[in-house]
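The figures here come from the full heavy-atom set of this structure, side chains too, leaving out hydrogens, waters and symmetry mates. Numbered from 1 within each chain, the chains take letters A, B, ... in sequence-line order. Since this is a predicted model, take the numbers as computed values, not measurements.
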Amino acid sequence: MAVTRNDLEGVSRRAVLVGGAASGFLFAFHLPARAVNEPVQPPDRTDGRFAPNAFIRIDRSGTTTLIMPQVEMGQGVYTSISMVLAEELDADFAQVAVAHAPPNDKLYANPIFGIQVTGNSNSVRAFWKPLRTAGATARAMLVQAAAQQWQVDPAGCSTANGRVIHAAGGRSLAYGDLADAASRLPPPKDVALKDPEKFVLIGQPLKRIDTPDKVNGKAVYGIDAMLPGMKFATLGACPVFGGKVGAVDDRAALKIPGVRQVIVLDDLVAVVGDHMWAARKGLDALVVTWDEGANAHLSSNDIWEDLRAASRKDGVVARSAGDVAKGLAEGDRFEASYELPFLAHATMEPLNCTVHLTPDSCEIWTGSQVIARAQSAAAKAAGLPVEKVTANNHLLGGGFGRRLEPDMVVAAVRIAKHVDGPVKVVWTREEDIQHDIYRPVYRDTIAASLSNGRIVGWKYRIAGSSVIARWLPPAFQKGIDIDAVDSAVDIPYDIPNFSAEYVRAEPPAVPTGFWRGVGPNNNVFAIESFIDELARKAGKDPVVFRRDMLDKNPRMLAALNLAAERSNWGQPLPARIGRGVCVQPSFASFIATVVEAEVDEQGEVYLHRVTSAVDTGIAVNPDTIRAQLEGGLIFGLTAALYGEITIENGRVKQSNFNDYRMLRIDQAPKIDIHLIKSGEPPGGIGETGATAGPPALRNAIYAATRVALRRLPIDRSLIAVGNRS
Amino acid sequence: MTTLTINGQQKSFDAPADMPLLWVLRDVLGMTGTKFGCGIAQCGACTVHIDGKPVRSCMLPVGAVRDRAITTIEGVGATPIGARVQKAWLDLEVVQCGYCQSGQIMSATALLATTPNPDDSDIDAAMAGNICRCGTYVRIRAAIKRAASERQS
Ligand code: FES
Ligand code: FES
């Protein structure tokens with residue numbers, strides 16, 4: 001099986017022709033210049049291909065091509081989506097090929113967002129029903145075609161492994177042989193979906209479709225696009241947020257062999273060369289005076305002072321239950337605030353976009369979580385109508401929310417306007433980190449009261465930037481950011497008097513965006529840290545304290561019990577080693593996690609072991625679920641141990657992996673994942689580990705040192721011996 | 001004109017002597033399997049072998065390579081150890097986004113060439129220079145052990 005590049009235009013056209021032009025949309029038909037290192041693929045043939053909807057095409061040879069409405073950024077979604085489609089289609093999984101979807105907000109809209117986007121761990125959740133229906137509809141049409149040919153009742157036919165079978169007549173036909181006839185049939189309405197008990201693919205740990213080419217250098221990411229005659233460029237944006245280019249002396253840069261061109265735009269400079277090395281050397285040789293503008297003196301301290309002030313104000317109540325004032329007045333009242341820093345995404349593949357601009361067309365090659373937005377952003381930047389822009393999506397070398405933004409496309413097109421012929425624009429790692437769209441700083445304050453060992457009142461206030469208000473304005477209603485309060489309004493515990501409120505507080509100048517774990521990252525850290533502190537006030541074991549408030553939440557409780565058991569919760573540990581627990585019902589999955597960690601006398605933290613128990617509903621591919629949790633935990637633990645972007649003089653101080661550190665293999669804990677069998681609809685998984693790791697680690701440190709950390713990343717000086725708070 | 005031996009083949013091209021091998025491979029020769037991650041020898045994405053030893057190609061001037069043999073991810077599968085490592089990677093489904101994995105596989109193959117039965121600390125020492133942002137470390141460790149054990153079987 002191979003991942004082919006945009007298998008494309010034909011898909012959309014065909015879908016319109018066959019599936020009915022309900023949307024009336026027209027897809028401009030460009031034949032893109034073939035990137036030389038991309039898999040050679042026969043031109044799309046619309047004749048003889050059975051294309052009953054936007055996702056499935058079967059040609060006469062029997063090859064089943066599945067068009068992926070969600071992007072592959074490592075989360076295994078190409079395989080999961082293929083499994084769901086192939087399950088209902090009864091395709092021969094060995095004959096399935098997958099293709100990146102072309103940009104099209106109508107055909108490939110994520111049903112939860114209404115636009116073509118991959119994010120919020122909802123690919124399988126959002127597409128579960130539509131893809132099953134698409135597969136089942138196609139299957140029914142193939143059955144109908146075979147039954148007509150045999151002149152038998154379709155009810156007497158079955159399907160398996162890409163064939164229609166008529167057992168009574170001892171006959172069968174391959175789907176490929178039925179492609180022509182099936183394309184002439186109208187799609188049936190209201191097809192029946194399989195009984196989950198009968199799934200043959202879903203639930204199996206099938207091998208991933210995208211990985212064979214990722215171990216031999218053949219996989220093509222956006223950064224690998226190679227066009228005949230292309231040039232290479234790299235850029236330097238004004239290091240101060242919002243600043244502009246003042247003066248540029250390019251004499252030295254232009255003398256460097258291989259440098260072709262220096263481009264000066266109002267907020268950035270770029271150097272174009274025969275290869276990245278010339279471009280990079282040229283950039284380093286430019287003498288630029290920046291017009292730093294209003295943010296020249298902005299610092300992290302200013303931002304924190306503003307946020308702390310904002311977080312003392314009342315917010316907009318997102319959800320409440322009972323009488324929170326009365327609840328807080330009962331029993332003993334406690335309050336704490338938790339703070340999370342700006343974070344960069346640092347996808348392993350640095351930002352990039354290749355552009356070929358002509359007076360009346362624009363073609364781009366990149367990896368995007370929002371390819372239709374990337375296409376329209378390119379059109380706007382190029383000053384062309386959107387149908388003149390061809391956008392080629394790719395495998396993503398990590399997304400984590402960074403590629404939910406089209407800013408790299410806009411910058412690359414602006415640069416390409418000054419370049420004759422195709423140009424690949426690649427960000428240096430330093431530019432990638434210093435011009436990210438950052439996970440916002442947050443400050444959460446929770447007040448709670450305890451009576452008889454239980455929480456009777458809970459008032460939770462979240463203060464921070466609203467990403468939703470910028471990114472999906474229609475979803476920002478009545479001053480509430482539904483993402484920022486996502487896990488705050490949905491806490492797993494049974495608390496009679498409750499409120500969750502939101503204060504929108506935008507940091508000056510620093511752009512903010514989604515980051516793996518999104519809103520729940522912040523919510524779960526505050527909630528689960530505070531729950532641990534309350535458990536101590538109540539004199540209860542952290543697991544027992546939680547368990548006692550989960551009587552109405554059996555899925556969460558089962559996960560907690562399993563994680564506790566498998567992590568040897570309660571068994572004694574040596575001094576300065578602790579276990580910490582976190583439970584979360586985020587992204588419609590129920591996960592309990594125990595981290596076991598050691599803190600040495602200097603305050604250095606060593607991760608020993610992580611145990612997670614998860615009920616994620618029907619597990620489409622259980623091995624992918626494990627992998628996503630393992631990776632997500634490392635992602636979250638990395639942030640807890642090291643992640644912080646700081647601002648000084650209007651600039652981001654960090655620049656590369658030397659000062660924006662990543663967890664490495666020698667620090668990685670042992671990780672045990674336990675899946676709980678479930679017949680519930682699938683939940684999300686890609687972000688859950690990132691959300692679970694930090695609070696569980698923070699609580700392990702609390703157990704090991706008795707220091708209640710309230711801020712990330714972990715401050716070693718607070719947990720060194722002699723610094724007990 | 002410079003000539004290098006890459007995966008057993010002679011390749012000739014024009015490039016300044018100070019140009020890192022990474023950019024020769026990617027931008028001049030179009031061999032894009034070797035990845036750019038940091039440019040300062042911090043991440044390992046660009047790892048290739050020079051005479052079998054793992055080297056960060058982003059910091060290696062092409063002029064310093066001379067007649068030594070270069071192996072990249074595109075060619076490492078032709079060696080028995082490289083093929084075993086690739087197979088173990090797929091058997092244990094190590095890969096997520098995959099962007100770091102060219103470098104991981106090159107580092108792991110070089111480790112097994114000198115240390116056929118690495119223990120955890122050997123793996124830590126050989127692999128700590130390779131960042132995986134997707135966090136596949138647990139499986140990388142297991143796959144290296146699997147590739148090592150398959151040699152015996
Ligand atoms: S790109 Fe060479 S080590 Fe990161
Ligand atoms: S697999 Fe994505 S960076 Fe390693």
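For the options V95(B), T72(B), V24(B), V85(B), heavy-atom pairs under 4.5 Å to chain A are most numerous at V95(B). Comparing T211(A), T638(A), L633(A) by how many heavy-atom pairs each has under 4.5 Å with chain B, the most go to T211(A). Among T347(A), D432(A), D623(A), the residue making the largest number of heavy-atom pairs under 4.5 Å with chain B is D623(A). By number of non-hydrogen pairs under 4.5 angstrom with chain A, the leading residue of A45(B), C132(B), A15(B), P20(B) is P20(B). Per-residue heavy-atom pair counts under 4.5 Å with chain B were compared for R280(A), K214(A), Q667(A), K281(A), and the maximum is reached by K214(A). Across A128(B), S121(B), G129(B), the residue that shares the most heavy-atom pairs under 4.5 angstrom with chain A is A128(B). Considering only heavy-atom pairs separated by less than 4.5 Å from chain B, the leading option among R516(A), M230(A), K424(A), Q628(A) is Q628(A). Highest contact tally toward chain B, considering only I671(A), L396(A), L637(A), I634(A), is held by I634(A) [criterion: heavy-atom pairs under 4.5 Å]. The residue among G398(A), P350(A), G76(A) with the most heavy atom pairs within less than 4.5 Å of chain B is P350(A). Listed options G77(B), C134(B), C100(B) were ranked by heavy-atom pairs under 4.5 angstrom with chain A; first place goes to C134(B). Interface summary for chain A: among P16(B), G39(B), G37(B), the most heavy-atom pairs under 4.5 angstrom belong to G37(B).
R609(A) contributes no side-chain N or O that, together with a main-chain N or O of V595(A), makes up a donor-acceptor pair within less than 3.5 Å. Without hydrogens or angle criteria, K35(B) side chain to S102(B) main chain gives no donor-acceptor distance under 3.5 Å. A donor-acceptor contact shorter than 3.5 Å is absent between the side chain of N656(A) and the backbone of E430(A). Looking at Y137(B), its side chain does come within 3.5 Å of a backbone N or O of L663(A) through a donor-acceptor pair. Side chain of T234(A) to backbone of V426(A): a donor-acceptor contact under 3.5 angstrom is found. Judged by distance alone, with hydrogens and angles left aside, the side-chain atoms of Q70(A) form no donor-acceptor pair with the main-chain N or O of Y78(A) at under 3.5 Å. At distances below 3.5 Å, at least one donor-acceptor pair connects side-chain atoms of E93(B) with backbone N or O atoms of R208(A).
If you measure heavy-atom distances from P669(A) to chain B, the contacts under 4.5 Å come from the backbone alone. Residue T624(A) does not touch chain B at all, counting heavy-atom pairs closer than 4.5 Å. Of the two parts of I131(B), the backbone and the side chain both hold a non-hydrogen atom closer than 4.5 Å to a non-hydrogen atom of chain A. Within the 4.5 angstrom heavy-atom criterion, only side-chain atoms of M662(A), from C-beta onward, approach chain B. Both the backbone and the side chain of R626(A) come within contact range of chain B, with heavy atoms under 4.5 Å apart. In this structure, the portions of I665(A) lying under 4.5 Å from any heavy atom of chain B include both its backbone and its side chain. Interface residue A627(A): backbone and side-chain heavy atoms are both found under 4.5 Å from chain B. Contact of I433(A) with chain B is not made at all, since no heavy-atom distance falls under 4.5 Å. When heavy atoms are compared at a cutoff of 4.5 Å, D18(B) approaches chain A by way of both its backbone and its side chain. Residue contact with chain B, scored on non-hydrogen atoms closer than 4.5 Å, involves the backbone and the side chain of F657(A) alike.
Salt bridge status for R26(B) with D224(A): present, with a side-chain N to carboxylate O gap under 4.0 Å. A salt bridge is defined here as a Lys NZ or Arg NE, NH1 or NH2 lying under 4.0 Å from an Asp or Glu carboxylate O, and K231(A) with D274(A) fails to meet this definition. No salt bridge links R664(A) with D124(B); every basic N to acidic carboxylate O contact stays at or beyond 4.0 Å. Using a 4.0 Å cut-off between charged side-chain N and carboxylate O, K670(A) and E596(A) make no salt bridge.
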Test log, rule side-chain hydrogen bond (donor to acceptor under 3.5 Å, both in side chains), inputs Q434(A) and Q654(A): CA-CA 7 Å; Q434(A) 298 188 330; Q654(A) 294 69 24; over 6 Å; no
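Using modelled atom types, one finds a donor on one side chain and an acceptor on the other under 3.5 Å when comparing R56(B) with T47(B).
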